[in-house]
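Take a look at the structure below.
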Amino acid sequence: MAASTLSLNRIAVEARSELIEARNNLLALAQSLVDTLLVDLKIIIFTMAVLRAIYQLNIAEAVPLNGSISITDLAAQMEVHLDGLRPILRFAFTQGIFSEATAHADHMEHNAISAAIPSIKPILWTCLIKTMRITPSSLHFADSTSLKNWPRPPVTLADPSNGNPGTFLAMAFDLARLGDEAVVVEVGGVNGHNSVSLAKVFPSLKFVVQDTRRTSSLLWTWS
């Protein structure tokens with residue numbers, strides 16, 4: 001890659017970071033402290049729950065890419081209860097996921113975000129699973145890192161993956177279709193924790209982890 005391209009990419013990344021920071025500062029000025037600390041937290045939790053419902057119910061695939069569909073018809077098509085589906089969609093609308101159709105009452109349609117969901121489902125599912133795994137233990141973070149009682153035994157939580165996060169990753173990425181002895185390259189894999197987990201599920205595959213030399217030098221090596 002040419003030096004000029006790298007320079008332009010760096011400028012774009014810096015401009016993006018500045019834009020996001022300006023957006024956050026503007027939002028903080030417009031909100032009260034209660035909104036910033038508490039309301040936003042609840043919105044994040046609800047958004048994760050709604051995204052999981054959209055993923056598992058395949059809502060994005062059920063909505064036509066062109067045109068709209070009534071929420072009643074969507075519920076019937078998906079064989080789910082209308083009173084359960086409607087609040088999920090209403091909250092999704094407020095977060096910019098799908099849109100209410102203006103031409104017809106009680107209809108919905110895709111927008112740019114919702115239309116992209118089917119193409120990013122493996123990444124979306126991985127993020128959802130990791131968030132659901134991390135959230136319960138993170139609630140005990142202050143307890144486990146208390147200087148007064150350090151060190152403390154780790155909090156034991158129910159783990160449906162039997163201790164192997166690769167079980168969840170395998171649900172998102174169908175690596176079995178690659179066949180035996182295929183090579184999977186994880187770009188930006190940090191210390192290879194995802195590849196190590198997946199290797200336990202797919203022992204016939206070979207995993208190669210790539211990351212920058214600086215990142216690698218700051219991490220331990222898996223044995």
Side-chain angles (χ1 to χ4, degrees), residues 16 20 23-24 37-63 65 71 74-75 77-81 83-99 108-141 144 154-178 184-202 205 207 209 211:
R16 177 179 180 273
I20 292 174
R23 175 261 185 192
N24 292 337
L37 296 176
L38 301 180
V39 176
D40 285 357
L41 177 61
K42 289 193 292 185
I43 289 176
I44 291 172
I45 295 172
F46 291 150
T47 300
M48 296 303 300
V50 166
L51 280 173
R52 182 175 181 181
I54 291 172
Y55 178 97
Q56 293 191 208
L57 296 175
N58 294 316
I59 295 177
E61 289 84 349
V63 176
L65 284 176
I71 298 177
L74 181 64
Q77 175 183 323
M78 298 174 57
E79 299 182 343
V80 298
H81 201 287
D83 291 339
L85 179 63
R86 193 184 300 279
I88 291 174
L89 296 176
R90 292 296 181 193
F91 184 84
F93 296 158
T94 67
Q95 300 307 301
I97 307 170
F98 300 107
S99 298
M108 62 178 291
E109 59 190 8
H110 272 300
N111 57 20
I113 293 177
S114 61
I117 289 177
S119 64
I120 63 168
K121 288 194 83 171
I123 299 174
L124 175 60
W125 181 242
T126 302
C127 292
L128 287 172
I129 286 298
K130 285 188 175 183
T131 302
M132 287 184 286
R133 285 172 52 84
I134 293 171
T135 300
S137 56
S138 67
L139 296 176
H140 298 275
F141 183 76
S144 62
V155 178
T156 302
L157 301 169
D159 185 358
S161 68
N162 295 319
N164 181 18
T167 303
F168 291 127
L169 292 172
M171 296 169 61
F173 299 95
D174 184 18
L175 299 182
R177 65 183 177 85
L178 298 178
V184 178
V185 180
E186 182 183 3
V187 180
V190 194
N191 59 0
H193 53 286
N194 286 330
S195 289
V196 170
S197 299
L198 283 169
K200 296 177 182 179
V201 182
F202 304 103
L205 299 179
F207 291 85
V209 180
D211 213 310

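Considering all non-hydrogen atoms of both residues, F202 and A176 come closest at CE2-N, 3.7 Å. Scanning both residues, V50 and A92, for their nearest heavy atoms gives CG1-CB, 4.0 Å. Minimum heavy-atom separation, I88 to A53: CD1-CB, 3.9 Å.
In this structure E61 satisfies the side chain to side chain donor-acceptor pair (under 3.5 Å) test together with K121, sequence neighbours excluded. Under the side chain to side chain donor-acceptor pair (under 3.5 Å) criterion, Q56 pairs with R52, sequence neighbours left out.
Contact check for L51 versus I97: side-chain heavy atoms found under the 4.5 Å cut-off. Contact of the F46 side chain with the T94 side chain is not registered, since no non-hydrogen atoms from C-beta on lie closer than 4.5 Å.
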Show, in sequence, the C-alpha distance, side-chain angles and deciding distance for V184 and L198, and conclude whether the side-chain contact (heavy atoms from CB on, under 4.5 Å) test is met. CA-CA 10 Å; V184 178; L198 283 169; 6.0 Å; no
Yes or no on side-chain contact (heavy atoms from CB on, under 4.5 Å) for M78 and L57, after CA distance, side-chain angles and deciding distance? CA-CA 8 Å; M78 298 174 57; L57 296 175; 3.4 Å; yes
What's the verdict on side-chain contact (heavy atoms from CB on, under 4.5 Å) for I54 and F98, showing C-alpha distance, side-chain angles and the deciding distance? CA-CA 11 Å; I54 291 172; F98 300 107; 3.9 Å; yes
Stepwise, does the side-chain contact (heavy atoms from CB on, under 4.5 Å) test hold for L74 with I59? CA-CA 8 Å; L74 181 64; I59 295 177; 4.3 Å; yes
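The backbone N or O of S197 sits nowhere less than 3.5 Å from a side-chain atom of N194 that would complete a donor-acceptor pair.
Between W125 and Y55, the ring planes lie parallel to each other; the angle is under 30°, not in the 30° to 60° tilted range.
Within the model, atoms CD1 of I120 and CD1 of I113 stand 9.5 Å from one another, a figure rounded to the nearest 0.5 Å. Taking OG from S114 and CD from Q95, the interatomic distance works out to 13.5 Å, rounded to the nearest 0.5 Å. The structure places CZ of R86 at 11.5 Å from CE of M108, a figure rounded to the nearest 0.5 Å. Within the model, atoms CD of E109 and CG of L65 stand 11.5 Å from one another, a figure rounded to the nearest 0.5 Å.
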